Amino acid sequence: MTRRHQLETTLRTLKLSGMLDTLEARLAQATAGELGHLEFLQTLCEDEINRRDTAALARRVRQARFEHAATLEEFDFAYNPKIPAATIRDLAVLRFVEAGQSVILHGPVGVGKTFIAQALGHQACRRGYTAAFVKTSRLLADLAGGHADRTWGTRLRRWAKPDVLVLDDFAMRDFTTAQADDLYELITERADRSFILTANRAAVDWYSLFPNPVVAESILDRLINTAHHIHMDGRSYRPNKRPRPTTNHGGDPTD
């Protein structure tokens with residue numbers, strides 16, 4: 001076995017596949033005199049770090065279960081000049097996550113609230129934070145199922161764990177007493193961890209959706225008062241995604 005084969009075997013044993021993937025290219029650079037001994041080793045180590053960082057990001061994004069791999073770079077802010085692009089880009093720095101604060105994106109249907117929420121969640125994953133995305137109705141259904149099979153505590157802890165929890169379509173309809181209680185427990189369990197909420201209604205209109213005013217005040221006091229409220233308004237993106245009618249020249253339009 002040659003020394004190169006021995007090195008490759010050692011790298012596999014140590015699970016340093018980032019080094020293994022680029023070993024041939026780095027050896028060629030070293031042979032050409034482009035890398036000294038220390039530079040060769042340093043570059044190989046950086047290759048391994050980059051591989052691990054890429055794999056860790058992919059794992060965090062996969063675990064977040066986003067509907068789409070949305071990023072802020074892909075969002076067309078020019079389409080709706082009313083959307084506060086500078087404020088959203090400031091939020092992407094993620095100081096709100098460091099401070100344990102939340103973000104509430106509210107406005108009409110189709111203006112990109114869910115896209116921005118997922119993009120901020122994706123940005124959190126890039127920075128090493130964990131995230132999770134879920135429709136609010138599905139989260140509440142999941143917690144309700146925990147009452148039935150006695151796994152409620154386990155499910156609550158699972159939703160409390162991510163650094164950033166994105167609740168899409170929040171406050172779409174009235175909450176039941178059980179749902180309000182579950183939300184209270186979730187928000188309490190997630191103390192000092194961030195939410196990103198999307199809603200068609202402004203937060204001031206959420207109080208009436210709860211059956212118990214005291215519970216509503218307890219929930220919303222924790223959720224609203226430490227949140228960044230972003231009103232998103234303008235034209236809907238959705239008509240642009242609808243199929244356009246085809247033009248049929250001289251034939252049956254149903255063909």
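Nothing here was measured: the structure is a model prediction, and the numbers come from that model.
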Note to self: One pair to check against side-chain contact (heavy atoms from CB on, under 4.5 Å): L186 and L165. What are the steps and the verdict?
What the structure shows: CA-CA 11 Å; L186 176 63; L165 179 58; 4.1 Å; yes
Practice problem: For F40 and L27, run side-chain contact (heavy atoms from CB on, under 4.5 Å): C-alpha distance rounded to whole Å, both residues' side-chain angles, the deciding distance at 0.1 Å, then the answer. | Solution: CA-CA 8 Å; F40 173 74; L27 283 172; 3.7 Å; yes
For this session: Might you work through the side-chain contact (heavy atoms from CB on, under 4.5 Å) test for D168 and T136, ending with a clear yes or no?
Result: CA-CA 6 Å; D168 195 32; T136 303; 5.6 Å; no
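When all heavy atoms of I83 and D233 are compared, the closest pair comes out as CG1-O, 3.6 Å. Nearest heavy-atom pair, K113 versus T198, reported as atom, atom and distance to 0.1 Å: O-CG2, 3.7 Å. A pairwise comparison of heavy atoms in A117 and L105 identifies N-CD1, 3.7 Å as the closest pair. For the pair Y79 and S236, the tightest heavy-atom approach, listed with the atom from each and the gap, is OH-O, 3.2 Å. The heavy-atom pair separating P108 from V111 by the smallest distance is O-CG2, 3.3 Å. Of all heavy-atom pairs spanning S137 and R173, the tightest one is CB-NH1, 4.2 Å.
Side-chain N or O atoms of D149 include one that pairs as donor or acceptor with a backbone N or O of T151 at under 3.5 Å. Remark: the backbone N or O of H106 is not paired with any side-chain donor or acceptor of R201 at under 3.5 angstrom. At least one donor-acceptor pair under 3.5 Å links the side chain of R190 to the backbone N or O of S194. Looking only at distances, a side-chain donor or acceptor of N50 sits under 3.5 Å from a matching main-chain atom of E46. For Q179 (side chain) and T176 (main-chain N/O), a donor-acceptor pair under 3.5 Å exists by modelled atom type. Using a distance-only test at 3.5 Å, with no hydrogens or angles considered, a donor-acceptor pair links the side chain of Q118 to the main chain of E67. The backbone N or O of A171 lies less than 3.5 Å from no partner atom in the side chain of W206, so there is not a single donor-acceptor pair.
If you chain together hydrophobic residues whose side chains sit under 4.5 Å apart, Y129 and W159 never meet in one group. When hydrophobic clusters are built by joining Ile, Leu, Val, Met, Phe, Trp and Tyr residues whose side-chain heavy atoms come closer than 4.5 Å, directly or via intermediates, V103 is grouped together with V164. Side-chain heavy atoms closer than 4.5 Å link hydrophobic residues (I, L, V, M, F, W, Y) into clusters, and following such links, even through other members, never connects I104 to M232. Cluster annotation: I116 and V134 are assigned to distinct hydrophobic clusters (Ile/Leu/Val/Met/Phe/Trp/Tyr, side-chain heavy-atom contacts under 4.5 Å, transitive).
Looking at L167 and F133, their side chains never come closer than 4.5 Å, going by heavy atoms from C-beta outward. R193 is not listed as a side-chain neighbour of S102, based on a closest heavy-atom distance of 4.5 Å or more. Using a 4.5 Å heavy-atom cutoff, the side chains of Q123 and L94 are in contact. The side-chain heavy atoms of T130 and K161, taken from C-beta on, include no pair separated by under 4.5 Å. In this structure, the side chains of L223 and L183 stay at 4.5 Å or more apart for every pair of heavy atoms.
Listed by first and then second residue, the salt bridge (charged side-chain N to carboxylate O under 4.0 Å, His left out) pairs that reach into residues 26-39 are R26-D47, sequence neighbours excluded.
Between F96 and H228, the angle of the ring planes goes over 60°, which puts this pair in the perpendicular group of the 30/60° scheme.
For the side chain to side chain donor-acceptor pair (under 3.5 Å) test, residues two or more places apart in sequence or in another chain that qualify with H147 are W152, D182. Under the side chain to side chain donor-acceptor pair (under 3.5 Å) criterion, E98 pairs with R127, not counting sequence neighbours. Shown here are the side chain to side chain donor-acceptor pair (under 3.5 Å) partners of R158, two or more places apart in sequence or in another chain: D142. Partners of E24 according to the side chain to side chain donor-acceptor pair (under 3.5 Å) rule, which considers only residues two or more places apart in sequence or in another chain, do not exist here.
Checked for salt-bridge contact, E73 and R126 meet the test: a charged N lies under 4.0 Å from a carboxylate O.
Within a 6.0 Å sphere centred on CG of N225, other residues, nucleotides and ligands contribute more than 12 heavy atoms.
Remark: aromatic rings of Y184 and F175 are distant, center separation not under 6.0 Å.
Between I49 atom CD1 and L44 atom CG the span is 11.5 Å, to the nearest 0.5 Å. A distance of 10.0 Å separates CG of L11 from CG of D21, quoted to the nearest 0.5 Å.
I224 pairs with exactly one of D221, T226, L220 by the side chain to side chain contact (heavy atoms under 4.5 Å, CB included) rule, that one being L220.
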I'd like a table of donor-acceptor pairs (distance under 3.5 Å, sequence neighbours excluded) in which one partner is a side-chain atom from residues 207-219, with atom names and distances.
residue	atom	partner	partner atom	Å
N212	OD1	V214	N	2.8
N212	OD1	V215	N	3.4
S218	OG	V214	O	3.0

